[in-house]
Amino acid sequence: MAIEPIIKGVIARNCDPEGCSKAVLKQINFVKEQPTPAYTPKRVLIIGASSGFGLATRIAAAFGAGADTIGVSFERSPSETGCGTAGWYNNLAFCETAGKDELIAHNIVGDAFSPAIRQHVVNTIKERFEGKVDLVVYSLATGIRPDHQTGELVRSAIKPTGQKYQGMTLDLEHETLHPVTLEPASQKEINDTVKVMGGEDWHEWINLLADKKLLAKDVKTLAYSYIGPEITHELYHQGTLGFAKQDLQRHAAKINDLLKPFSGEARVAVCKALVTKASVFIPGFGPYIMALYKVMKELNLHEGCIEQMQRMFSEKLKPFGNSVVDSENLIRMDDWELKPEVQNNVRQLLEQMTEDNFKSLLDFDGLKSEFLELNGFFRETLSSSR
Ligand code: NAI
């Protein structure tokens with residue numbers, strides 16, 4: 001019997017395990033159809049590997065470049081009280097297919113901020129990767145960072161800074177658009193968001209791996225960021241998340257120095273705005289994504305996470321620290337999103353958008369389908385459950 005999606009606000013409360021496998025296989029099959037990229041790391045650690053950009057990177061690395069992978073994620077297994085999270089099933093589906101292709105694939109499920117999980121990763125690199133890693137991808141998205149020394153929980157806040165933000169936000173449960181006002185963040189909220197989503201933890205991971213002598217020659221490390229066009233800056237780039245992403249860039253420069261003796265590189269890749277478990281939480285971001293999807297699909301420029309990560313491997317990442325970067329050392333996967341033609345059309349659509357016309361004017365269906373697919377629900381399931 002088909003499982004019906006249970007959505008509360010912007011959260012899916014359940015998932016369809018079979019659909020999750022199907023969604024992972026769809027990404028794997030896409031990658032397998034592409035030519036092998038020039039950059040082919042053999043042993044890859046992905047922190048935040050079970051969904052969104054991290055899962056897509058893992059798939060591009062394994063099934064495109066032939067890499068063995070260790071994936072760290074925070075997911076729930078099925079239990080008497082719940083069916084488990086989509087990422088749990090994504091991890092299983094990934095490993096099953098990797099095993100068939102004779103690739104090493106190891107899932108480590110737990111809090112990536114905790115010393116125990118870090119030690120588990122260190123041990124696994126020693127046991128399964130002969131003690132070296134060629135690529136470390138940091139793709140965590142979380143609202144909470146536990147400080148394992150003090151026991152304190154630091155929480156991020158998605159807010160503007162300096163002045164309040166007024167816009168429209170999407171409710172996926174009721175399929176409605178509502179006005180939203182966000183008060184400016186306090187200094188503490190800015191600092192806490194930087195602590196949770198900035199570069200400190202990434203840096204700690206690389207320090208740990210360097211101390212334990214687990215970094216291979218020519219090692220690369222990547223973390224993901226978003227900048228976006230000016231119309232989103234008030235909410236994102238100049239908001240608390242933007243502060244965190246600028247911190248990521250500062251840490252990237254320091255990590256890059258740390259990797260010089262390895263002839264390695266540390267890069268921030270600026271990705272396209274996409275529907276993921278994390279991004280649907282950003283209030284006010286839905287209308288921009290729906291308009292962007294509409295325009296990029298019409299111009300045949302639309303990419304999902306897997307297309308983004310596949311293109312990053314094939315066009316932007318190069319062996320020996322020679323990846324393609326801009327003047328600020330950023331890998332620009334948002335290059336198509338920021339094309340003037342795309343942004344002009346997006347702006348025009350957003351000017352016409354109302355609470356009544358957004359479903360037909362923008363790509364609401366596309367956004368909702370992708371959201372459902374993240375949880376293993378394909379459109380057929382949705383329509384048959386209505
Ligand atoms: P996502 O929610 O799809 O994935 C987050 C991953 O982090 C999951 O694998 C989850 O299990 C893992 N995770 C969360 N907390 C954890 C913890 N404490 N310990 C271990 N694993 C944990 O998120 P998404 O969107 O793929 O985000 C990944 C990165 O990409 C973030 O840095 C985000 O800012 C960035 N990004 C996202 C964009 C978007 O539009 N979605 C655009 C550009 C960048």
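Order of listing sets the numbers, starting from 1, for every ligand and every atom in it.
- In Ala223, neither the side chain nor the backbone holds a heavy atom less than 4.0 Å from any atom of ligand 1.
- Asp363 and His302 form no side-chain donor-acceptor contact under 3.5 Å, judged by distance and modelled atom types alone.
- Using a 4.0 Å cut-off between charged nitrogen and carboxylate oxygen, Asp68 and Arg128 do not count as a salt-bridge pair.
- Using modelled atom types, one finds a donor on one side chain and an acceptor on the other under 3.5 Å when comparing Thr69 with Arg58.
- Of the polar atoms of Gly54, none of the N or O atoms is found under 3.5 Å from an N or O of ligand 1, judged by distance alone.
- Taking atom 44 (C) of ligand 1 as the reference point, the nearest protein heavy-atom neighbour is Ser225 O, 3.1 Å.
- Counting the atoms of ligand 1 from 1 in the order shown, those under 4.0 Å from a heavy atom of Glu75 are 10 (C), 11 (O).
- Against a heavy-atom cut-off of under 4.0 Å, Ala278 is close to the following atoms of ligand 1: 2 (O), 23 (O), 25 (O).
- An N or O contact shorter than 3.5 Å links Ser50 to ligand 1 by distance.
- In summary, Glu370 and Lys297 do not engage in a salt bridge, as defined by a charged side-chain N under 4.0 Å from a carboxylate O.
- The shortest N or O to N or O distance between Phe74 and ligand 1 is below 3.5 Å.
- Set against the non-hydrogen atoms of Leu274, the atoms of ligand 1 under 4.0 Å away are 39 (C), 40 (O), 41 (N).
- Of the protein's non-hydrogen atoms, Tyr224 CB, 3.5 Å is the one closest to atom 30 (O) of ligand 1.
- Among all protein heavy atoms, the one lying closest to atom 32 (O) of ligand 1 is Lys245 NZ, 3.0 Å.
- Close approach of ligand 1 to Ala273 is summarised as follows: ligand atoms under 4.0 Å from at least one heavy atom of the residue are 40 (O).
- In this structure, atom 27 (O) of ligand 1 lies nearest to the protein heavy atom Ala141 CB, 3.5 Å.
- Those atoms of ligand 1 that come under 4.0 Å of a heavy atom in Thr142, given as number and element, are 15 (N).
- Here the heavy atom of the protein found nearest to atom 29 (C) of ligand 1 is Ser139 OG, 3.7 Å.
- Under a 4.0 Å N-O distance rule, the pair Glu303/Arg311 qualifies as a salt bridge.
- Using a cut-off of 4.0 Å between Lys/Arg side-chain N and Asp/Glu carboxylate O, Glu351 and Arg347 are scored as not salt-bridged.
- When each atom of ligand 1 is checked for a heavy atom of Asp111 under 4.0 Å away, the hits are 17 (C), 18 (N), 19 (N).
- Within ligand 1, counting atoms from 1 as listed, the ones closer than 4.0 Å to a heavy atom of Gly110 are 19 (N), 20 (C).
- Between the side chains of Glu265 and Ser323, at least one donor-acceptor pair of N or O atoms lies under 3.5 Å.
- Phe53 CE1, 3.6 Å is the protein heavy atom nearest to atom 37 (C) of ligand 1.
- Looking at Val122 and Arg118, their side chains never come closer than 4.5 Å, going by heavy atoms from C-beta outward.
- Using a 4.0 Å cut-off between a side-chain N of Lys or Arg and a carboxylate O of Asp or Glu, Asp247 and Arg250 qualify as a salt bridge.
- When only modelled atom types and interatomic distance are considered, Gln348 and Asn344 share no side-chain donor-acceptor pair under 3.5 Å.
- Counted by atom type alone, Tyr224 and Thr57 present one or more donor-acceptor pairs between their side chains at under 3.5 Å.
- Taking atom 1 (P) of ligand 1 as the reference point, the nearest protein heavy-atom neighbour is Ser51 OG, 3.5 Å.
- When the heavy-atom distances from atom 25 (O) of ligand 1 to Val268, Thr276, Ile282 are ranked, the shortest goes to Thr276.
- Checked for salt-bridge contact, Asp257 and Lys260 meet the test: a charged N lies under 4.0 Å from a carboxylate O.
- Of the protein's heavy atoms, Leu140 O, 3.5 Å lies nearest to atom 31 (C) of ligand 1.
- Remark: the Tyr226 side chain and the Glu337 side chain contain an N/O donor-acceptor pair separated by less than 3.5 Å.
- Short contacts between ligand 1 and Gly52, defined as distances under 4.0 Å to a heavy atom of the residue, involve ligand atoms 3 (O), 26 (O).
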